[in-house]
Structure formats: C-alpha cells, structure tokens
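Report on the structure given below.
Side chains included, hydrogens not; waters and symmetry mates left out as well; all remaining heavy atoms used. Owing to the predicted nature of the structure, the values given are computational and were not obtained by experimental measurement.
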Amino acid sequence: RKEGVQKGAPEARWVFKRMGRAAPAGTPCQRSSVLLWCAAATAALGAEAVTPFLPDLLLPVHRALNASDTPAEVKDKAEEVMELVKETVGGAELADVYNKVRAQKDRVKAGKKRHRKLEALLDPEASAQRRIKKSLKNQGQKKRKAGDWFAHKAKGPRVDYTK
C-alpha cells in the first residue's frame, strides 16, 4: 500500500465501478439488487462521502431509467434511488453529475457509431461479415421466439426450429 493515499478510497471506487458494471448484464433481480445497494451506500455514506462516487453510483440508475428493455419494477427502484440521492446530495449536485454521466454515455455511443462507419469504409469485408453474423443471430432469435410461442400455444413438447 502506498503512503499518502487515502485509506479505503481506491477499494471503494473499485466497488462502485464493479456494481455499475454488474447491473446491465444481470437479471431483473440482480439489477434491482444493484440499485438497492446504491441506495444503501448513499444512505450509509452520506452527502460528503458519496459525492466523489456519484458518477459511478448514477451509472446503473441512468441505464435502468433509459433502457428500453428495463422491467417496470426496476425502473421504479431506479426512480426511488434517484429521489434518495436527491435528498442526500441535493438537486443541483445531482443534476450536474447526472448530466455529465448522460453526456459521457452519449459520447461513447457516438464514438462507437463513428468507429463502425469508419470500419465499413476501411474494411468492407469485415463489416459485411459482422452484418451477416448479426442477421443470422436475429434469424435464430425469431425462430426461437416462434418455437416458444407454438409450444406454449399447443401445450405440447417444445420443437426446436433452429435447425
């Protein structure tokens, strides 16, 4: 451990970042758990201690509120966490940090889009392979959904339509 480093700060930053990364890939139960952890951390640490970690804390909340596939109960929990953070930190500080998080996400999204377009220009074969792979994945997903629907409708054994 280096001398002069605030004790616990790097580990705390790692925990906040790790929880932020765990939220989007998980099940609704896991996502709710991450949001509840964010609320508990906010309540336990207080305004002074939680302020440096606000960008990492608000990342899963932003994803939950803005993702189209987020279940209603997860969105409700995200709104509750936002209210708790607003009460703890204050509205102005929350709005400032939340807008920075949103702007960072927009920058990353625009950068990925720019990279895909540049790849299409510089390496059209790789771009075409990526599109074909995505198309095959979507076709398989449609077949699985149709198979699930037919199995549910017929109340019989599930037929594998992916072959």
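- With values rounded to the nearest 0.5 angstrom, Phe16 atom CZ is found 10.5 Å from Leu58 atom CG.
- Thr42 is not listed as a side-chain neighbour of Phe53, based on a closest heavy-atom distance of 4.5 Å or more.
- Contact annotation: the side chain of Gln30 approaches that of Thr27 to within less than 4.5 Å [non-hydrogen atoms, C-beta and beyond].
- Side-chain contact between Arg13 and Lys17 is present, with heavy atoms from C-beta onward closer than 4.5 Å.
- In terms of hydrophobic clustering, with Ile, Leu, Val, Met, Phe, Trp and Tyr side chains grouped at heavy-atom distances under 4.5 Å, Trp14 and Trp37 are assigned to a common cluster.
- The closest side-chain donor-acceptor pair between Gln104 and Arg107 falls under 3.5 angstrom.
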Name each donor-acceptor pair under 3.5 Å that joins a side chain in residues 71-96 to protein atoms two or more places apart or in another chain, with its distance.
unit_1 : atom_1 : unit_2 : atom_2 : d
Thr88  : OG1    : Leu84  : O      : 2.8

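- A donor atom on one side chain and an acceptor atom on the other are not found under 3.5 Å apart for Thr70 and Arg63.
- Taking 4.5 Å as the limit, every side-chain heavy atom of Lys145 sits out of range of all side-chain heavy atoms of Lys142.
- Taking CG of Asn138 as the reference point, atom NZ of Lys133 lies at 12.5 Å (rounded to 0.5 Å).
- Interatomic distance, CG of Asn66 versus CZ of Arg102, reported as 8.5 Å (0.5 Å rounding).
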List, one per line, each side-chain donor-acceptor pair under 3.5 Å for residues 110-130, sequence neighbours excluded.
unit_1 : atom_1 : unit_2 : atom_2 : d
Ser127 : OG     : Arg131 : NH1    : 3.1

